[in-house]
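Shown below is the structure under consideration.
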Protein chains: 2
Amino acid sequence: MTTIKDVAKEVGVSVTTVSLVLNHKSVRVSQATRKKIFEVAKKLKYTPNFAARSLVSKESKTIGLIIPDIENAFFSSLFKSIEDYARSLGYMVLLMNNNDSHQTNIEVIDLLLSRHIDGLLLVISNETYLEKYQEEMKHLLLNLPIPLVMVDRVFDESFFNKVYFDNQLGGYLATKHLINHGHKKIACITGPKETKSSEKRLMGYYQAMNEANLTINKDILLEGDYHFDSGKKRMNELLDKDLTAVFAFNDLMAYGAIRSIHEVNKNVPKDYSLVGYDHFLIATMLDSQLDSIEQNSKILGEEACKILFSEIKHKTENLQDICLKPVLFRSGSVNI
Amino acid sequence: MTTIKDVAKEVGVSVTTVSLVLNHKSVRVSQATRKKIFEVAKKLKYTPNFAARSLVSKESKTIGLIIPDIENAFFSSLFKSIEDYARSLGYMVLLMNNNDSHQTNIEVIDLLLSRHIDGLLLVISNETYLEKYQEEMKHLLLNLPIPLVMVDRVFDESFFNKVYFDNQLGGYLATKHLINHGHKKIACITGPKETKSSEKRLMGYYQAMNEANLTINKDILLEGDYHFDSGKKRMNELLDKDLTAVFAFNDLMAYGAIRSIHEVNKNVPKDYSLVGYDHFLIATMLDSQLDSIEQNSKILGEEACKILFSEIKHKTENLQDICLKPVLFRSGSVNI
DNA sequence: ATGAAAGCGCTAACAT
DNA sequence: ATGTTAGCGCTTTCAT
């Protein structure tokens with residue numbers, strides 16, 4: 001491996017000069033030596049040693065990104081947007097899954113810290129919302145020695161940077177969409193009730209129902225777990241209830257519901273209208289139709305990066321709270 | 001940030017001793033000081049500085065993984081398997097997308113090298129198979145200063161480590177499956193003809209057809225590009241041809257074909273039998289059925305890691321060529 | 001059983 | 001316009 005010394009020796013100048021030139025801080029170096037340095041560096045295939053540079057500069061030019069699961073399309077798309085942004089600034093991204101486990105989340109934060117990342121983008125596990133875990137996480141995050149942005153899943157407290165989607169608005173849009181099409185008896189298949197996203201989406205549902213003066217029947221508000229099977233199971237329970245529409249709190253459960261509906265030879269949207277949440281892009285390809293609330297993960301990633309890199313650069317703490325708006329995507333799963 | 005010096009001072013020993021103890025190379029240190037060192041390190045929340053350690057050890061404890069696109073389910077699952085394996089050995093993974101662009105691929109290899117990764121797992125872009133690019137890539141890879149394993153998409157040459165699936169076998173299995181169900185006129189929607197995967201899958205098709213003494217009609221062997229739209233378009237062209245079954249070289253195109261079939265009010269498997277490739281897991285949830293060739297990405301990742309970390313550890317070069325077997329997944333899209 | 005000291009490759013303050 | 005030097009935090013050889 002060729003070092004800065006090798007280049008210096010070959011050119012016949014000091015390492016300082018080489019360093020200065022190669023880092024483009026070379027106002028004071030003559031064009032001639034400058035040109036020569038670039039040439040020799042290229043000839044010798046010199047690449048700066050990152051470790052050495054980090055040791056001096058106290059920057060790793062690396063950020064951490066923790067997400068629940070890269071296999072989830074929403075998060076893989078989020079990663080991509082973040083990776084692009086970071087790379088354009090000369091940063092790399094260390095990606096870790098927490099598998100929606102609080103314990104794993106704690107562990108990977110430690111791992112990343114030991115790598116001396118310059119900043120952290122964090123999507124916490126759903127489990128972390130459980131009361132017994134929240135305090136531990138908040139304590140940990142408040143004592144982080146580096147800038148932090150909570151992404152998508154945030155805490156209420158105002159002492160964290162956060163970028164997230166307005167889940168209540170999403171719930172409202174979905175419900176309103178069904179109401180607009182004449183539905184009055186609208187069931188919900190929610191997420192786990194302790195998750196913020198589910199809580200907020202449900203609030204949106206209430207808001208829309210109340211606004212339209214519709215009565216809410218708690219018998220058709222069932223709790224799911226955001227997985228396919230629970231959507232199917234809950235829909236099964238709803239089949240003999242009195243309702244015409246279902247708001248599933250994510251697309252995976254919505255597809256579970258569709259499966260259940262098909263199994264009794266009924267049809268969407270003829271027998272049941274259905275709205276999901278996530279706008280799982282791949283689904284539109286698979287010849288299935290599902291109206292859904294769409295969250296633009298690219299923008300989510302960009303906003304998170306803006307905040308993080310601004311803090312990294314200016315070392316100022318200027319807490320931000322960015323709430324993004326989801327939109328309704330229509331595809332044909334809602335009928336009167 | 002507390003350093004090893006701080007710990008040494010607090011305990012009242014030299015940095016050497018602290019380093020030795022904390023790295024468990026402490027055969028020669030007394031139990032007492034040893035215990036104290038651990039205590040103080042914990043109290044002071046000491047974490048070793050990675051950059052400093054790397055500078056000395058010449059290891060970054062980081063590997064690179066380059067894939068075409070993390071949004072592709074096959075690759076996100078591959079990443080997960082690799083990340084797990086690497087983490088269990090104390091390594092981190094720097095993940096980069098090449099977006100199936102040769103140029104980007106070259107760039108990210110450079111970027112990773114400048115980070116002094118200890119090894120590289122590489123899934124090249126399909127574009128790289130073009131003749132004008134192959135030489136450049138081979139030259140680059142042969143001169144890599146670190147261990148390399150080509151994953152999934154490999155070169156024929158024997159001077160690279162490689163782990164991949166037997167695409168010919170996959171093509172054979174898919175075609176044989178259709179033949180076994182009585183089909184004689186079997187169309188193909190292939191990948192781009194310059195890609196190795198497509199070439200091999202087609203060879204498998206020929207092998208199965210020949211074995212069964214079936215005549216091959218080149219009019220129903222159409223080239224796609226592995227995307228949904230091309231599956232739809234090619235199927236459209238096939239609709240008025242004389243055939244009963246289609247082998248699409250990936251699931252995305254298979255779903256495109258299904259869309260096309262549905263649009264003329266025909267049905268799978270009643271009017272056309274269909275086999276895909278990839279066994280796109282999510283699809284099984286979306287109430288769609290598609291027989292498909294399945295490649296276990298977890299095993300792919302593990303085998304790649306085994307080779308890479310063995311080379312990193314032993315610094316021996318012992319070229320390996322691991323060919324994994326795909327399997328047929330049946331789901332109901334094939335009929336007599 | 002423990003310490004002193006050199007040096008990894010680089011940056012930057014200070015000289016010249 | 002260019003060089004000298006200290007030092008970042010750590011590991012490791014060699015003394016004691």
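Keep in mind that the numbers below use all heavy atoms, side chains included, and drop hydrogens, waters and symmetry copies. A note on names: the letters A, B, ... follow the listed sequences, proteins ahead of strands, and every chain is numbered from 1. Just so it is clear, the model here is predicted, and its values are computed rather than measured.
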*Between C:dC10 (C1') and A:Leu22 (CG): distance, integer Å*: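 Rounded to the whole Å, the gap is 12 Å.
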*Using the test side-chain hydrogen bond (donor to acceptor under 3.5 Å, both in side chains), find all partners of B:Asp118 that sit at least two apart in sequence or belong to another chain.*
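B:Asp118 satisfies side-chain hydrogen bond (donor to acceptor under 3.5 Å, both in side chains) with B:Ser60 once adjacent residues are dropped.
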*Over how many whole Å does the gap from B:Leu20 atom CG to C:dA1 atom C1' extend?*
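The distance from CG of B:Leu20 to C1' of C:dA1 comes to 11 Å, rounded to the nearest Å.
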*Could you check whether B:Thr3 gets within reach of a base, just the sugar-phosphate, or nothing at all, counting any heavy atom under 4.0 Å?*
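Answer is sugar-phosphate: B:Thr3 comes under 4.0 Å of backbone atoms only.
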_Listing request: all salt bridge (Lys or Arg N to Asp or Glu O under 4.0 Å) pairs with a residue in residues 135-150 of chain B, at least two apart in sequence or in separate chains._
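For residues 135-150 of chain B: B:Lys138-B:Glu157.
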*Does any N or O in the side chain of A:Asn143 come within less than 3.5 Å of the main-chain N or O of A:His139, such that one atom is a donor and the other an acceptor?*
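Answer holds: yes.
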*Any side chain to side chain donor-acceptor pair (under 3.5 Å) involving residues 45-54 of chain B? Give me the pairs, sequence neighbours left out, ordered by first then second residue.*
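As it turns out, the side chain to side chain donor-acceptor pair (under 3.5 Å) pairs with a partner in residues 45-54 of chain B, which skip direct neighbours, are B:Asn23-B:Arg53.
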*So does B:Lys58 get a side-chain nitrogen or oxygen closer than 4.0 Å to the phosphate oxygens (OP1/OP2) of D:dT11?*
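So the side chain of B:Lys58 is outside the cut-off, no N or O lying under 4.0 Å from OP1 or OP2 of D:dT11.
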_Under 3.5 Å, is there any donor-acceptor pair linking the side chain of B:Thr16 to the base of D:dT12?_
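Per atom types, the contact qualifies.
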For residues 149-156 of chain B, which side-chain donor-acceptor pairs fall under 3.5 Å, sequence neighbours excluded?
{"from": "B:Arg153", "atom 1": "NH1", "to": "B:Asp100", "atom 2": "OD1", "distance (Å)": "3.1"}
{"from": "B:Arg153", "atom 1": "NH1", "to": "B:Ile124", "atom 2": "O", "distance (Å)": "3.0"}

*Which residues share a ring-ring contact (aromatic ring centres under 6.0 Å, His included) with A:His102, sequence neighbours left out*: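 Partners of A:His102 under the ring-ring contact (aromatic ring centres under 6.0 Å, His included) test: A:Tyr133.
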*Between D:dC8, C:dT11, C:dA13, spot the one nearest the side chain of A:Val15, thanks.*
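Between D:dC8, C:dT11, C:dA13, the one nearest the side chain of A:Val15 would be C:dT11.
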*Return no unless some side-chain N or O of B:Ser57 is found under 4.0 Å from OP1 or OP2 of D:dT11.*
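Negative; the distance criterion is not met.
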_Given DNA chain C, 5'-ward residue of the pair B:Val56 and B:Thr33, judged by closest heavy atom_ =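 It is B:Thr33 whose nearest nucleotide is closer to the 5' end.
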*Report the nucleotide, chosen from C:dT11, C:dG9, C:dT2, that has the shortest atom-to-atom distance to any side-chain atom of B:Thr17.*
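Between C:dT11, C:dG9, C:dT2, the one nearest the side chain of B:Thr17 would be C:dT2.
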*Applying salt bridge (Lys or Arg N to Asp or Glu O under 4.0 Å), which residue pairs with at least one partner in residues 1-16 of chain A are found, sequence neighbours left out?*
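Applying salt bridge (Lys or Arg N to Asp or Glu O under 4.0 Å) to every pair that reaches into residues 1-16 of chain A, excluding sequence neighbours, yields A:Glu10-A:Lys43.
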*From the list C:dT2, D:dG3, C:dG3, which nucleotide is the closest neighbour of the side chain of B:Val29?*
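Of the candidates, C:dT2 comes closest.
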_With a cut-off of less than 4.0 Å, is there a side-chain N or O of A:Ser14 near OP1 or OP2 of D:dT4?_
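No.
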_Under 4.0 Å from OP1 or OP2 of D:dT12: is there any side-chain N or O of B:Lys25 that close?_
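It does, given that an N or O in the side chain of B:Lys25 lies less than 4.0 Å from OP1 or OP2 of D:dT12.
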_Please list all pairs meeting side chain to side chain donor-acceptor pair (under 3.5 Å) that have one or both residues in residues 85-95 of chain A, counting only residues at least two apart or in different chains._
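Applying side chain to side chain donor-acceptor pair (under 3.5 Å) to every pair that reaches into residues 85-95 of chain A, excluding sequence neighbours, yields A:Glu83-A:Arg87.
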*asked:* Within residues 46-53 of chain B, which residues have any heavy atom lying less than 4.0 Å from an atom of DNA chain D?
replied: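 Contacts with DNA chain D under 4.0 Å: B:Tyr46, B:Pro48, B:Asn49, B:Ala52, B:Arg53.
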*Is there a side-chain contact between A:Leu95 and B:Val93 (heavy atoms, below 4.5 Å)?*
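A:Leu95 vs B:Val93: side chains apart.
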_Using whole Å, what does the distance between atom C1' of nucleotide D:dC10 and atom CE of B:Met1 come to?_
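B:Met1 atom CE is separated from D:dC10 atom C1' by 15 Å.
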*Return the angle between end axes of the helix from C:dA1-D:dT16 to C:dT16-D:dA1, with five pairs used per end and rounding to 10°.*
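The two end axes of the helix from C:dA1-D:dT16 to C:dT16-D:dA1 meet at 40°.
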*Do A:Ser30 and D:dT2 have a side chain to base donor-acceptor pair shorter than 3.5 Å?*
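Answer is no: no donor-acceptor pair is held.
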